[in-house]
Amino acid sequence: MSRHQEFRSVQSTLDEHYYDDDDYEEEEEELSAEDQAAMRQGVADVKAALGVEASKVTTKQIEEALYYYYYDVEKTVHYLLTKFIAPAPPKAAKTTQKAKPPGKHISCLSSRGAPRHLPGTSSAATVMMPSPHESLRLYSPIAIPQFGTATPATAMTRSSISAIFDHMPWGNVPSHRLTVFVEPERPRGGLMGGSGAAPKLTRMQQLAAARKKKVADKKPSSSEDAVDTTRQGIQTLSVEDQPKEKENQILNVSGGFGKRQKLSATQAAGRMPLAELSREERQQDGSSSQHDAMPPSAEQDSTAPEPAPELAPPSAFAQTLFGVGAHEPAPVTTRQFALPYMAYCPSLTDAFSKPSPDDVVLTAQAKAGKKTDAAASSKKKNVGVDAVAHDVKALKVDDAPLPKSKNLNVLSEYEKSKSKKTASFVVVGHVDAGKSTMMGRLLLDLGVVDQRTVDKLRKEAEKIGKSSFALAWVLDQRTEERARGVTIDIATNRFETDSTIFTILDAPGHRDFIPNMIAGASQADFAILVIDAGVGAFESGLKGQTREHSLLIRSMGVARVIVAVNKLDTVDWSKERFDEITHQVTGFLTATGFQSKNVSFVPVSGLTGDNLVRRATDPAASWYQGPTLVDELESSEPTTRALNKPLRMSISEVFKTMPSPTTVSGRIDAGSLQVGDALLVQPSGEKAYVKSMLVDEEPADWAVAGQNAILHLSNIDPIHLRVGDIICDPTHPIQCLDSFTLKALAFDFLMPMPVDVHRGRIHAAGTIEAIPAILDKVTGSVTKKKPKIVKPASVARLVVKLSTKLPLEAGQRVVLRSGGETVAAGLLE
Amino acid sequence: MTDRRRVNGPVGATLPPVFLTEEVGGQAVDKPTRSRPAGQIRKLYLKNGVTPSASGSAFLEIESTSKPGVSGLKLSCTVHGPRSLPKSAPFSPHIILSAHVKYASFATKKRRGYIRDTTERDLSIHLETALRGAIIADRWPKSGVEIIVSIIEGDQDRETSAASGDEIWDTMNVLSGCVTVASAALADAGIDCVDTVAGGVSALVVGEDGSEAVVVDPVPSEHGRIAAACCVAYLPTREEVTNLWFKGNLDSSNGQWYTDLVQRGIQASLSANRVLVGSLTETARQTLATASS
């Protein structure tokens, strides 16, 4: 019979059993060879296991049981033992005392998550299953002719229905057949929700609890007397035995316990409080054993050796944790400290003066190959080492900045470099004189800007109907500049000729943007004054910004002026017109203070580019054979630079770049600097270091006055850097002043009044506080003290007070403006 | 979703190594028997200052009797605090005690998880109750103290306890150790306490022959069966029990056993307390010695 049929026989209905009977019979006859072998082996095993008892069962019974348990010898033996050999004796009488209700679990405090089952009770907890035969019989009241031949067991069961309860005595059920019902876990009471804290009680539960408490409070009063008597007894006991302990303490303790014990005292009256018992235990007082349930001998004996020290030696783990001598007191730390370098051996100083063992070996190896070379090189190396050692000794430690300085002598480097001369010039002139267009043309002709760019700009300019502005847009790059067709801020560009690098500062001509023009002029070595040769335009310019600009550039210290007479193509290159302009402008410029040798005139056409870089192709312009504009620029004497003065550099731009988030650009007015130098930024007074720098868009190690440098600074926050700030040498810082005296040339009437003070890029509001004197124009001697008013074109000494502090120092050129007009310009004293 | 935060085991099924026990080998294993008297606890090793970075710390070992030299229980406790409560916490007129008990994943024969399971949370609550009675909480308003007990080795006897299913009794022993070591660490941290609190365990054991006896500090594998056990946290000078955990299957009609168990638990706690006081004295002596020299 196969397993699955066996399974089916249990599961199937009664009818099927009937129909299957024949099959069973047949299959029973034909046990397979393996099964028969297993059966034989099993019978032998079972008999061996039963030993003497084997005689009490027949082989048939064994076989049947084996068959049923599928040759499981152990189970078969157990089954046979319980069923035939030693049927359960009626032993209920023996265990009267033990018939306590088991399965009662006690946990005084919460024991959530702890298994409810006790190991001892677990076996009894499983419901006692009837023997396999019985289980089958439960399904079929009529005996199933499963095993064919009538065995004694099956014959017996077949006889009556009471056989179902075979081996189940009526009454006096043996304890091992009793089932234990495990109480299912009840849902905790109270309202739903909340955390794992004590459950909230419903209104009903609260009422019930209150009632319960009331009852509980009433109860103890009945047994109050009993408790009191015990308490008194305890007190007498303890006082006698424990003279050390203070009485009030005991009272407290027993009182406390007494309260807590009220409930338990009712259940177990006359029992001692726990603390008292424990104390007695400590004293090894044998007489205190009121509890007779304990086996007294075992307990009292065991407590006797109790005060032995419970200290254990540390385990290997603990020893590792605390170190080897963990159980010993830590060694007392010494308070004496050895002086540093006490163990330093002076002979170590020359340890590296000799070649190292490796060097010796390498030299020897090299000698084997090429003798002379190696020796020479090692000697040379040693010399080098000595020199370095000497240098190291000479070094002194100072608070070196982060970027390393090469400590170059910048001035000698500059002399050695023999680089091209650098010069910057400002292009000034009346509005719409064609300054930007002329410079755009110049850049185009010099190849700085390619034709494609200009074509593109021209296309864009045509779109808004200003095709003639295309060249000007090379420099005027802002959208509003292009829309309005005027230059607003200084535009810088760079070009170089064979001998000189020029920086163009294209200044705005419009009167509204004079402050920007001043900023540009302050950076320039010389100026190009552009004059519109057109009829009427020249005249209006001479009254307008041509005049103001020339005054300003003169007062900003620009000595050389190249006058570009522009737009001569509109007057057919008329020589008369050129001469007339030359005449008028020369007179005007000399009056302003320019020396005539420093003023030169070039007739040009900015739009076509005639006489800018190349000579004019127009035959009408053939009368001019003088130098072109570029020739004039190159011939301009470079001004002497204040190289030896302390560093001054005005910031014209602050921006972010990859090398440094704080990059500034500007022109170095005086002095020199190099990579790694510490710098001071005024007026913020913050220190910074030069991380690296670009001069003329090339990485450089140093820069000198006159050069336009881009500095990558470090160790400074960008908020301390503003356009117009002065970068200076921290050892010779520029002072921040809010009041200064200047010798000024008045362009307008001056009196104590509010003015705008312009100095390079920076400007601030201020007032003329006092006019101490009017000075002689030529000699500078005082002609009049404390005038009320200063007339135009006279020189006066002024005291100006500023609203904010500005970095200013003597020798700087300052422009005073008021109401949109330049009123004075002068030198700081 | 699978647990992505940790390095998990291999995806495929693996066969755990099965070691032959003595039973399979044919020799009958000799069951360890209790060698010490019923009223004596096992030897302890207690040391303060195991974690220098914590405010207070202690390390406790209980030697296991089944294999001499091999320590059965190893606990490490760190106390952080008292420190101010976070701004978000509501005002508290007394110190807020938070106890965390965590088995190391390798502490028991059956590996423990990383997240605290119910047993560990249960132990934490018991420990917190036990310590709350000892700390003078009013001294530290608006502050909190964290007590973290790491159970480095938790099995009493790695060979038998898991097999016989009596981890619950081990848990009691662990709790008593936790109380003792936490008290030492609290004292090390300098947190004001009314007394040192120490834990003690007693059990009603049923021998092979059916004889019943109450013993202190039971090792489950040494006894035939443990019918009930009781873990007590006790303040000796004040004679107060701060925490009592009673568990087991006792005849409710005979209340004698309850009293007896508690009493024996107190006795065990007193013994542990002696070690605790000794360790603290030693620590204090060393501190004074280093301070004076």
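Within every chain, numbering begins at 1; the chains are lettered A, B, ... in the order of the sequence lines, protein sequences first and strands thereafter. Source: prediction; values computed, not measured. We use all heavy atoms of the structure for the numbers below, so side chains are in, but hydrogens, waters and symmetry mates are not.
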State yes or no: are the ring centers of A:Phe317 and B:Phe59 separated by less than 6.0 Å?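 Yes.
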
If the condition is salt bridge (Lys or Arg N to Asp or Glu O under 4.0 Å), which residues does A:Asp72 pass it with, not counting sequence neighbours? none

Residues A:Ala312 and B:Tyr45: closest non-hydrogen pair is O-CD1, 3.3 Å

Give me the atom names and distance for the closest heavy-atom approach of B:Glu61 to A:Ala318.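 Looks like OE2-CB, 3.3 Å.
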
